[in-house]
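Numbers here are sequence positions counted from 1. Indexing begins at 1, ligand by ligand and atom by atom, following the structure's order.
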Amino acid sequence: MPADDRSGAGRGGLNRPANAADDRSGAGRGGLDRPARQRQLAPGRLVLASHNAGKLREVAALVAPFGMQVVSAGELGLPEPAETEDSFIGNATIKALAAARAAGLPALADDSGFSVASLGGGPGVRTADWAELPGGGRDYAMAMAKVAALAEPHADRSAWFTCALVLAWPDGHTEGFEGKVQGSWVAPPRGERGFGYDPMFVPEGGAETFGEMDPAEKHRISHRARAFALLEAACLARPAR
Ligand SMILES: O=c1[nH]c(=O)c2ncn([C@@H]3O[C@H](COP(=O)(O)OP(=O)(O)OP(=O)(O)O)[C@@H](O)[C@H]3O)c2[nH]1
Ligand SMILES: [Mg+2]
């Protein structure tokens with residue numbers, strides 16, 4: 001397990017990116033060319049560069065207070081680019097840049113995943129792949145069963161979700177942020193709410209899975225909410241009341 005995969009969460013409230021310098025540069029290089037202040041997202045149209053209905057619902061709810069007119073990549077008929085990087089920030093950057101350039105609008109992408117300590121942080125960036133069916137489509141019951149079967153022999157039940165959010169502009173500028181939520185995996189899965197692997201994850205200090213809890217509670221503590229809090233602080237202004 002990469003040591004810093006489990007850093008960042010559960011310490012001092014909101015998560016910081018695992019590597020603040022790299023993650024907040026967006027381009028992943030950090031340091032020298034990083035602007036002193038992140039680029040602000042002006043009110044207007046924003047593409048949500050995801051084809052996952054569960055994510056779109058959650059990201060749209062996070063963006064809602066900021067008065068942006070959101071449109072999804074699917075509604076614009078944008079293709080899904082290949083996610084060829086081995087980091088969440090890297091893949092979110094691919095998706096955000098592809099959408100921003102194709103639409104000529106700012107775009108917000110989410111790359112996220114579920115990690116199990118005893119599986120060396122897997123499935124991690126390959127979380128969606130573990131649910132893919134050979135003939136197309138996804139089966140999350142199958143994916144959760146696979147994770148549980150592989151992790152079952154190990155005493156360590158700790159697990160976490162990671163979410164990278166990247167904002168991209170048509171000129172190629174990006175800003176990236178990462179959030180994590182620590183907890184443990186459970187089997188069999190519990191709850192019908194949420195999406196993906198939510199029914200097999202219990203956040204630290206809780207008793208319900210993300211699949212059982214009120215969506216408002218997941219929104220309050222999730223990896224996605226934590227990444228969004230960083231994005232908000234850096235790039236968004238709440239409209240005046
Ligand atoms: O239980 C979950 N609760 C969550 O809050 C959550 N966030 C992400 N995931 C899973 O992680 C993979 C992301 O893969 P991913 O970032 O490539 O997204 P995706 O392919 O589904 O859509 P897109 O945004 O790429 O179009 C997918 O399997 C998602 O189900 C979650 N599962
Ligand atoms: Mg994807």
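The protein atom (non-hydrogen) at minimum distance from atom 10 (C) of ligand 1 is T127 CG2, 3.8 Å. Shortest contact from atom 26 (O) of ligand 1 to any protein heavy atom: H51 N, 2.7 Å. The nearest protein atom to atom 25 (O) of ligand 1, hydrogens excluded, is given as K95 NZ, 2.7 Å; this is a heavy-atom distance. Closest protein heavy atom to atom 8 (C) of ligand 1: S112 OG, 2.9 Å. Considering only non-hydrogen protein atoms, atom 17 (O) of ligand 1 sits nearest to E83 OE1, 2.8 Å. Of the protein's heavy atoms, D198 OD1, 2.6 Å lies nearest to atom 3 (N) of ligand 1. With hydrogens left out, the protein atom closest to atom 15 (P) of ligand 1 is K55 NZ, 3.4 Å, a heavy atom. The nearest protein atom to atom 5 (O) of ligand 1, hydrogens excluded, is given as K218 NZ, 2.8 Å; this is a heavy-atom distance.
Under a 4.0 Å N-O distance rule, the pair K218/E58 qualifies as a salt bridge. A salt bridge between E217 and R220 is present, with a side-chain N of the basic residue lying under 4.0 Å from a carboxylate O of the acidic one. Here R190 does not pair with D198 in a salt bridge; the nearest charged N to carboxylate O distance is not below 4.0 Å.
For the pair R138 and ligand 1, the shortest N or O to N or O distance falls below 3.5 Å. Between F195 and ligand 1, at least one pair of N/O atoms sits closer than 3.5 Å.
Ring planes of F161 and F114: tilted class, angle from 30 to 60°.
Put simply, the side chain of Q40 gets close to the backbone of Q38: a donor and an acceptor are under 3.5 Å apart.
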Between H173 and E175, is a side-chain hydrogen bond (donor to acceptor under 3.5 Å, both in side chains) present by the stated rule, with each step listed?
CA-CA 7 Å; H173 184 84; E175 300 283 358; 2.8 Å; yes
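Counting heavy atoms under 4.0 Å from ligand 1, residue F210 does not touch it at all.
Among heteroatoms of the N, O or S kind in E83, OE2 lies nearest the Mg ion (ligand 2).
Side chains of D156 and S158: a donor on one and an acceptor on the other come within 3.5 Å.
In this structure, NE2 in H223 is found 5.5 Å from SG in C163, a value given to the nearest 0.5 Å.
Remark: ligand 1 atoms within the under-4.0 Å shell around heavy atoms of D111 are 15 (P), 16 (O), 17 (O). Less than 4.0 angstrom separates some heavy atom of H223 from each of these atoms of ligand 1: 4 (C), 5 (O), 6 (C), 7 (N). Residue R224 approaches ligand 1 through these ligand atoms, each under 4.0 Å from one of its heavy atoms: 4 (C), 5 (O), 6 (C), 7 (N), 8 (C).
Selection from Y140, F201, F88, F161 by nearest heavy atom to atom 30 (O) of ligand 1 gives Y140.
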